[in-house]
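One structure is given below, encoded as structure tokens.
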Amino acid sequence: MNLLKLSEKKLPFDLDLSLSCGQIFGWKRDGDTWKGVHDGSIVTIRQKENLIYYEGLTKNQVIRFLGLEDPMDEIIGSIRNHIISYNHEPDQFFEEKYAQSEGIRILRQNPWECLVSFICSANSNVRTISRRISLILEETGTSCGINSNEHVFPDPGRLAGCSETGLRRCLTGYRAPYLIKTAAFISSHPGFLDQVKEMEYKTAKEALMVLPGVGPKVADCVLLFAFNHLNAVPVDTRIRSIVEKHYAVHMKVSQGRKIPYDTIGNFCREYFGPYAGYAQQFLYATRDNEKIK
DNA sequence: CGCCAGGCTGTAA
DNA sequence: TTACAGCATGGC
């Protein structure tokens, strides 16, 4: 077991919240130890106050994966400043949510693993998505571990070669063909994701949305949770209902009509600033889980 | 049973 | 452009 000590300025950090808030799927907690897959490795992580115990990754990989170098003082300061300059007063609702989710970090996932995960996330719930990902790893993933009974994500070629019925046995339903087609594309365009990594937000989003099963929401998740675009704002049903209830007054919306996806995202970027993705996550993930509206 | 879930795709207006 | 049915399936 390797040890990482968090300095004062990296606190508070909440491993449980960061791994359970719906950014990543298939991770399981056994006692106080989390186990899951990152970047092709089986990983275990445990937090005891300011100590992080880990296995399966290098120290630098852990720091990167857990977002531990994110300047949280600057991030929350920037978010508050943008709120003030927009509102001319603090945002009580946001502060309530932030108080409940302080300590969370945006994870930096492996892009391919993140992409597969969020194609699987469409119109489902976090529990089911996690089961789905675990099944995909078990059924189609590459085995590793001491007894070869543990699995990491299948690479694109391997996933592209899976049968649709096989994938449907993993609770993927109608998402199965999306997985296969996207895997085939990535497999025949190796370097595609590396190129996307170098693009600025909007270009990268357009590029990702070429992939089957990837719309604006899934693309934003990959951009935020894997590609370090902290201004990406995934708008799912929860974020949508929060924005419609608490922030619709700021947006020019034609009454009785659904607010377009980009209108919500663009508002969040204007209201919360360049760290709108973090603000989104503070709003989405609270310790007193569920019962948002 | 009915409604919802970190939505996307295809089609019609 | 916008609207909307259809999609699989578990959770609750």
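Both backbone and side-chain heavy atoms feed into the values below; hydrogens, waters and symmetry mates do not.
Sequence order on DNA chain B of the closest nucleotides to A:Asp236 and A:Val210 puts A:Asp236 first from the 5' end. In this structure, A:Arg127 and A:Arg168 both approach DNA chain C, and ranking their closest nucleotides by distance from the 5' end singles out A:Arg168.
For A:Tyr178, the side-chain atoms get nearest to B:dT9 when compared with the rest of C:dA3, B:dT9, B:dG6. In this structure, the nucleotide among B:dC8, C:dG11, C:dA8 sitting nearest to the side chain of A:Val218 is B:dC8. Side-chain proximity of A:Val126 to the nucleotides B:dG6, C:dG10, B:dA5 is greatest for B:dG6. Residue A:Thr237 has its side chain nearest to B:dG7 when only B:dG6, B:dG7, C:dA8 are considered. Residue A:Arg257 places its side chain closer to C:dA3 than to any other of C:dA3, C:dC7, C:dG11. Distances from the side chain of A:Asn125 to the nucleotides B:dC8, C:dA3, B:dG6 place B:dG6 closest. Out of B:dG6, B:dG7, C:dG11, the shortest distance to the side chain of A:Thr128 is found at C:dG11.
Contacts of A:Ile239 with the nucleic acid, taken as non-hydrogen atoms under 4.0 Å apart, include base atoms. Contact annotation for A:Gly213: backbone-only contact, meaning every heavy-atom pair under 4.0 Å involves sugar-phosphate atoms and none involves a base. A:Leu224 comes within contact range of no nucleotide atom at all, as no heavy-atom separation falls under 4.0 Å. Residue contacts shown for A:Tyr261 are absent, as no nucleic acid heavy atom lies under 4.0 Å away.
A donor-acceptor contact shorter than 3.5 Å is absent between the side chain of A:Ser254 and the backbone of A:Arg257.
Across the P atoms, C:dC4 and B:dG6 are found 23 Å apart, a figure rounded to whole Å. Straight-line distance between the P atoms of C:dC12 and B:dG7: roughly 16 Å, to the nearest whole Å. To the nearest whole angstrom, the two P atoms, one in C:dA8 and one in B:dT11, are 15 Å apart.
For A:Arg175 and B:dG6, the CZ to P distance is 11 Å, given to the nearest whole Å. In this structure, A:Lys181 places its NZ atom 12 Å from C1' of B:dC8, rounding to the nearest Å. Separating the CZ atom of A:Arg240 from the P atom of B:dA5 is a distance of 12 Å, rounded to the nearest angstrom. Straight-line distance from the NZ atom of A:Lys217 to the P atom of B:dT9: 13 Å, rounded to whole Å. The interatomic distance linking A:Ile264 (CD1) with B:dG6 (C1') rounds to 13 Å, in whole Å. Atom CG in A:Asn123 sits roughly 13 Å away from atom P in C:dT9 (whole-Å rounding). A straight line from CG of A:Leu171 to P of C:dC7 spans 19 Å, rounded to a whole angstrom. Rounded to whole Å, the distance from CE on A:Met209 to P on B:dC8 is 7 Å.
Remark: ring of A:Phe118 does not overlap the six-membered base ring of B:dG6 in a stacked fashion, as centroids less than 5.5 Å apart with planes less than 30° apart are not both met.
Taking the six-membered ring for Trp and the full ring otherwise, the centers of A:His38 and A:Phe65 sit less than 6.0 Å from each other.
Under a hydrophobic-cluster definition in which Ile, Leu, Val, Met, Phe, Trp and Tyr are linked whenever side-chain heavy atoms come within less than 4.5 Å, directly or via other members, A:Val62 and A:Val152 are assigned to different clusters.
Of all non-hydrogen atoms in A:Ser134 and A:Gly26, the two that sit nearest each other are OG-CA, 3.8 Å. Between A:Thr182 and A:Pro212, the shortest heavy-atom distance links the atoms OG1-O, 2.6 Å.
The shortest distance between side-chain heavy atoms of A:Tyr98 and A:Tyr278 does not fall below 4.5 Å.
When the side-chain nitrogen and oxygen atoms of A:Arg131 are compared with OP1 and OP2 of C:dG11, one or more of them lie within a distance under 4.0 Å.
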